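To keep things clear, I will list the structure first and then write my remarks on it.
Note that the coordinates shown come from a computational prediction; the quantities given were computed from them, not determined experimentally.
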Amino acid sequence: MPRLAQVWSDKAVDEVDGNISVASLSVRLQSGTLDPLELAKASLKKIAGYRDQSIFTALLEERALTEAKASAERIRSGRSLGLLDGIPVAWKDLFDTKGSVTTAGSAVLGDHAPAETDATVVKALAGAGMVSIGRTNLSEFAFSGLGINPHYGTAHNAASRDVPRIPGGSSAGSGVAVAAGLVPVAIGTDTGGSIRIPAAFNGIVGYKATRGRYSMQGVFPLAKSLDSLGPLCRTVQDAVWIDAAMRGRSAPDIGRADLASLKLVIPETVVFDDAEPGVVAAFEAAISRLEKAGARITRRAFPIFAEIFEVMARHGALVTAEAYVLHKERLQGPEAERMDQRVVARARLGEKIGMVDYVAILDTRERLIASLAKNLQPGELLAHPTLPHVAPPIAPLLADDELFFRINGRTLRNTSIGNFLDGCGVSIPCGTGDAGMPVGFLLSGQRNEDDYLLSAAVSAEAVIRGEA
């Protein structure tokens, strides 16, 4: 990505702590102690000067400065649009932003026409006064949980202090942009874990909403039966604010659940298989803290989790079937030569999934969703490690296809359960594992339990993090 031609004052950059939350920034912006235009300039300069230039595929400099100037004028004249007015936001390069090309992380779309209008959720956040800073990198066509991209470069995990490690995907740049303090929030998509994975790997919060909570208009799809959206940010409170704006609300309407009444169920099936000891230790320490705070914890087998992977082995993966249909012409034509060959290989597996298999997958899915509802009592949420391992180094994955596909499958395993069961989930940092890398704690709810999930997560976050 080319660096910005214009250089902003160091003072503007130094005045803004990149690790500050949306809520904390909002206080400064609304009080007039921080100017939205200076904040936008600071974000743009930080991005341009950051050591890793693979995080963004494009910056929206002209748009950002125009929106920030308008925000500053509103706030000065007492006409603020609300809590998010002037807050910078980045967009995974699947969301249409008027006047720029939606590449989906692929070289084959790079020469397509710019979008004529914003995606619906882009319009919604602009309507709340947020400032669109840029478009973030991702796994090509969002089809990997690792975040490796041969076309635009692979963003390096912001938490790594030894060797370059994967960012997690597919919302790779979104996760790193927030974790590196370049923007306070980025919006991603999640088909098998693509928000929660980079959030967990980079040590930030990632909220995947129930599919359909937000409009997908103007968002490049992967698998429409699974695709969902959500924010990557620093706190659950931030996610609550962003969620409200993405739904067109003028203010958030989600309260805090009573921590003493929180009921968490830890699945004993699949999610701990091959988990690193450091991951398990960090998760169990968070559970111990929650118990001491009054939360009720139970452990239970969920055979339906194993059945999800059995149906995939028998009939194929739902995401692969739908991705193949979406990209069929591309995969059978010359464009395939310009794509990431690992993406091509995985997508072509969908050719083997016939209509009988596809219908069987959908039928099984609905049966398992109903079964989950019967196995959970009212008010119970699922809790388990977001991922069974911390972010691995990039270099070995680039050198070994077998290792790449094996680690990709393991990385997607725990989070993809929630997508298949059409639920919602939020990943919260809960400690560190091997090499001092972040570990994520995943709270998950059933379909359309988003409001309760977020209210519980807001109450539990400090305890999960070990801050209370």
Side-chain angles (χ1 to χ4, degrees), residues 21 92 145-147 157-159 166-172 174-179 185-210 213 228-240 242-243 264 266-267 271-272 275-276 278-280 282-287 289-290 381-391 410-419 421 423-433 437-445 449-450 453-467:
S21 68
K92 185 177 184 177
L146 303 184
N157 190 298
I166 63 168
S170 62
S171 305
S174 296
V176 177
V178 174
V185 61
I187 310 301
T189 66
D190 193 309
T191 306
S194 292
I195 289 170
R196 293 158 293 159
I197 291 169
F201 275 158
N202 286 276
I204 60 174
V205 168
Y207 162 56
K208 167 232 176 308
T210 298
R213 186 171 175 88
S228 57
L229 311 177
L232 297 96
C233 44
R234 304 210 74 86
T235 70
V236 179
Q237 182 68 63
D238 290 353
V240 168
I242 300 298
D243 164 71
L264 302 182
I266 302 173
V271 295
F272 288 96
E276 293 175 348
V279 168
V280 176
F283 172 79
E284 292 294 351
I287 288 293
R289 293 192 294 270
L290 286 166
L381 296 171
L382 295 170
H384 59 77
T386 308
L387 304 165
H389 54 263
V390 299
R410 185 188 298 171
T411 298
L412 288 161
R413 185 193 67 200
N414 288 5
T415 53
S416 65
I417 291 170
N419 297 85
L421 297 175
C424 49
V426 57
S427 181
I428 301 169
C430 67
T432 57
M437 293 299 293
V439 173
F441 183 112
L442 183 59
L443 277 178
S444 299
E449 287 188 342
D450 300 70
L453 170 70
L454 288 171
S455 69
V458 167
S459 296
E461 180 177 14
V463 178
I464 290 171
R465 288 178 179 266
E467 297 172 348

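In this structure, the separation between CG on L442 and CD1 on I197 is 10.0 Å, given to the nearest 0.5 Å. The structure places CD1 of I204 at 12.5 Å from CD1 of I428, a figure rounded to the nearest 0.5 Å. Annotation: the span from I266 atom CD1 to L382 atom CG amounts to 10.5 Å, rounded to 0.5 Å. Once rounded to the nearest 0.5 Å, the distance linking CG of L264 with CG of L381 reads 6.5 Å. One distance of note links CG of D190 with OH of Y207; it measures 11.0 Å at 0.5 Å rounding. Atom CG of D450 is separated from atom OG1 of T210 by 3.5 Å, given to the nearest 0.5 angstrom.
P198 places a side-chain heavy atom less than 4.5 Å from the side chain of S171. The shortest side-chain heavy-atom distance between D243 and L454 falls under the 4.5 Å cut-off. R234 is not listed as a side-chain neighbour of V185, based on a closest heavy-atom distance of 4.5 Å or more. Side-chain contact check for P388 versus R413: some heavy-atom pair is nearer than 4.5 Å. Looking at L232 and I195, their side chains come closer than 4.5 Å, going by heavy atoms from C-beta outward. The shortest side-chain heavy-atom distance between L387 and V279 does not fall under the 4.5 Å cut-off. The shortest distance between side-chain heavy atoms of F441 and I287 falls below 4.5 Å.
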> Passes side chain to side chain contact (heavy atoms under 4.5 Å, CB included), V205 versus V426? Steps please.
Replying inline: CA-CA 7 Å; V205 168; V426 57; 3.9 Å; yes
>> Run T386 and N414 through side chain to side chain contact (heavy atoms under 4.5 Å, CB included) and show every step you take.
In response: CA-CA 6 Å; T386 308; N414 288 5; over 6 Å; no
>> N202 vs V176, test: side chain to side chain contact (heavy atoms under 4.5 Å, CB included). Steps then yes/no.
In response: CA-CA 7 Å; N202 286 276; V176 177; 3.8 Å; yes
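Between the side chains of T411 and H389, at least one donor-acceptor pair of N or O atoms lies under 3.5 Å. Side-chain contact check for T235 and D238: at least one donor-acceptor pair (N or O, by modelled atom type) lies under 3.5 Å. For the residue pair K92 and S174, no side-chain donor N or O sits within less than 3.5 Å of a side-chain acceptor on the partner. Of the N and O atoms on the side chains of K208 and S427, not one donor lies less than 3.5 Å from an acceptor on the other residue.
Residues S228 and N419 come closest through the heavy atom pair OG-ND2, 4.3 Å. For V178 against A186, the heavy-atom pair with the smallest separation is CG2-N, 3.6 Å. The two residues P267 and A383 come nearest to each other via the heavy atoms CD-O, 3.3 Å. Taking each heavy atom of A391 and M437 in turn, the nearest pair found is CB-CE, 4.0 Å.
Remark: side-chain polar atoms of E449 are not paired, donor with acceptor, to backbone N or O of C424 under 3.5 angstrom. Under a 3.5 Å cut-off, the side chain of T415 and the backbone N or O of G192 do form a donor-acceptor pair. A donor-acceptor pair is defined here as one N or O able to donate and one able to accept, closer than 3.5 Å; such a pair exists between the side chain of R289 and the backbone of I464.
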